[in-house]
2 protein chains.
Amino acid sequence: MADKDTLRERQRRRERPKKAPLTRQGILNAALTTLREEGLNKVTMRRIATALDTGPASIYVYFRDTEDLHVQILDALLGHVGTSPITGGTWQEQIKALLTRYRDVLFEYPEIARMALSTRLSGPNYLTLVDAALALLQEGGLPDREAAWGIDQLLLFTTAVAAEQSTRQAMPGAAEEELALAFEVAAVDAGQYPQIARLGNELLSGTGPDRFAWGLDVLLSGMRNTHRQVENPDPSTTTP
Amino acid sequence: MADKDTLRERQRRRERPKKAPLTRQGILNAALTTLREEGLNKVTMRRIATALDTGPASIYVYFRDTEDLHVQILDALLGHVGTSPITGGTWQEQIKALLTRYRDVLFEYPEIARMALSTRLSGPNYLTLVDAALALLQEGGLPDREAAWGIDQLLLFTTAVAAEQSTRQAMPGAAEEELALAFEVAAVDAGQYPQIARLGNELLSGTGPDRFAWGLDVLLSGMRNTHRQVENPDPSTTTP
DNA sequence: ACCTGAACACCGTTCAAGT
DNA sequence: ACCTGAACACCGTTCAAGT
């Protein structure tokens, strides 16, 4: 009877509430939860498997290896970074807004940013972001040749800033490290490192966001003034 | 007798040839050998300890943890990057030569570059490099405020390029990945990613060194044309 | 102080066997 | 095809005990 079946069904669920048919999405969701609650280095095959009430081998049905899992997490995280519209301002301001949005995602998940540097990304959400940025560069009148290389540099800078900055704030003892750095700069031997001693605290000045914004301005300004050389065509790799 | 002692000494050495008094340098040397022969992720506490014929706990006498070991390896690797003289050319060419030298070291050890992004470096060799670069920026007439932030960006870019590029070439299957990327760009949906489709192979053009050199030019040019805003002084953190 | 064996609490990945 | 338990070959770090 329906009643009896429902009851039995409920009891079964209560016993093992997380047990559901294994799917790619299900694994990804469990991974995202673990990421939020415990950080990327707890997003391990074994842990996700345990959360889903199975053995580690099961995850390998859907993900090639741990890196594959992490890459797919990032694209899931990127969500609508590239699609939600950006309004107002010059094209420079718009591209800065777009990249800041990207940086903010990476900022929330320090280790993801570091991973993003060592893996070619190719998820749909990432491609959308790249396309949107390229459109803005074109709008700004940047020649295609420079835009093609420039987008790489803009994304590389953004990712690197996130990887660098977010590590510190997320880690226990980050504050002490900052302080130690300040002392170090102050204590630096003026004979051995004259420039560092001379610039002193100027080296540590400014907030993360201010430095990031300045960095983007430098890149955008530099790109417009730096033409790519015509590459010397290598005859050995060119068909006649 | 001397003869007998020497013989006994030799035999003792032959039995356990690596056993020597444990020193920081000795551990570092063993670590460098392992790095060269097996890569950074084999530079583990346990492995170095085994190589030195002792238990893992012994390493903790000289290094706080695994990260500390890795950081000190990088500074050892940096050797004379910052001290051996750079001759000829404009200050731009000189700073490019200096950073290229830095990149080359990081290129040889992919994982070290990635690590360098997430850890504040402060070894003597690293500071020497920073100081030399700052001197060149000053020689080029870059104002101190911009130089202080600019050096950060130059080093960040260099490290990121090394982390990104070197991963691919060092990994098994890097060639296939490049190829897969090329196919991907070719196959991209022109409706969904119009800009990527439009630029096509332009996005993949150029060699690593050409892109790196262009990137440095962009940065150096941009820095000279981008003044730092006067930061809005935050009254809550300023003493009156 | 310096050094260490042993223990604790984890990992990724593969494989043979199950459904 | 999809899923899994068990096994293999590793990790970092701490601690109590030794010299």
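Naming: A, B, ... by sequence-line order, numbering from 1 per chain. Quantities reported herein were computed from a predicted structural model and do not represent experimental measurements.
Across the protein-nucleic acid pair, A:Leu22 atom CG and C:dT19 atom P stand 18 Å apart, rounded to whole Å. Across the protein-nucleic acid pair, B:Leu52 atom CG and C:dT4 atom C1' stand 14 Å apart, rounded to whole Å. One interatomic measurement links the two molecules: CD1 of A:Ile59 to C1' of C:dT13, which rounds to 13 Å at whole-angstrom precision. The CG-C1' distance, from A:Asp65 to C:dC11, rounds to 14 Å in whole Å. Taking atom CD of A:Glu67 as the reference point, atom C1' of C:dT13 lies 15 Å away to the nearest angstrom. Regarding B:Ile48, its CD1 atom lies at a distance of 15 Å from the P atom of C:dT4, rounded to whole Å. Put simply, CG on B:Asn41 is 13 Å from C1' on C:dC11, counting in whole angstrom units. Distance, A:Lys42 NZ to C:dA9 P: 13 Å, rounded to whole Å.
The CD atom of B:Gln153 sits 5.0 Å away from the CG atom of A:Leu219 when rounded to the nearest 0.5 Å. Taking CG of B:Asn29 as the start and OG1 of B:Thr34 as the end, the distance is 10.5 Å to the nearest 0.5 Å. In this structure, CG on A:Leu77 lies 8.0 Å from CD1 on A:Ile73, to the nearest 0.5 angstrom.
Distances shown here put a side-chain N or O of A:Thr66 below 4.0 Å from the OP1 or OP2 atom of C:dT13. Within the 4.0 Å cut-off from OP1 or OP2 of D:dC3, not a single side-chain nitrogen or oxygen of A:Thr54 is found.
Within the nucleic acid shown, B:Ser58 comes within 4.0 Å of at least one base atom, counting heavy atoms only. Residue B:Phe63 is out of contact with every strand shown, counting any heavy-atom pair closer than 4.0 Å.
Annotation: C:dC8 and D:dA9 have their P atoms spaced 22 Å apart (nearest Å). To the nearest whole angstrom, the two C1' atoms, one in C:dA17 and one in D:dC2, are 13 Å apart.
Taking the six-membered ring for Trp and thresholds of 30 and 60 degrees, B:Trp214 and A:Trp149 have ring planes more than 60 degrees apart, a perpendicular arrangement.
Place B:Ala57 and A:Tyr60 on DNA chain C by their nearest nucleotides, and B:Ala57 ends up nearer the 5' end. Each of A:Tyr62 and A:Arg46 was assigned the nucleotide of DNA chain D with the nearest heavy atom; the assignment lying further toward the 5' end belongs to A:Tyr62.
The B:Val61 side chain lies nearest to C:dT4 when the options are D:dG5, C:dT13, C:dT4.
The side-chain heavy atoms of B:Val81 and B:Tyr126, taken from C-beta on, include no pair separated by under 4.5 Å.
Both distances falling under 3.5 Å, in either a Watson-Crick or a G-U wobble arrangement, place C:dT4 opposite D:dA16. Shown here, C:dC11 forms no base pair; nothing in the strands shown gives a Watson-Crick or G-U wobble contact with both key distances under 3.5 Å.
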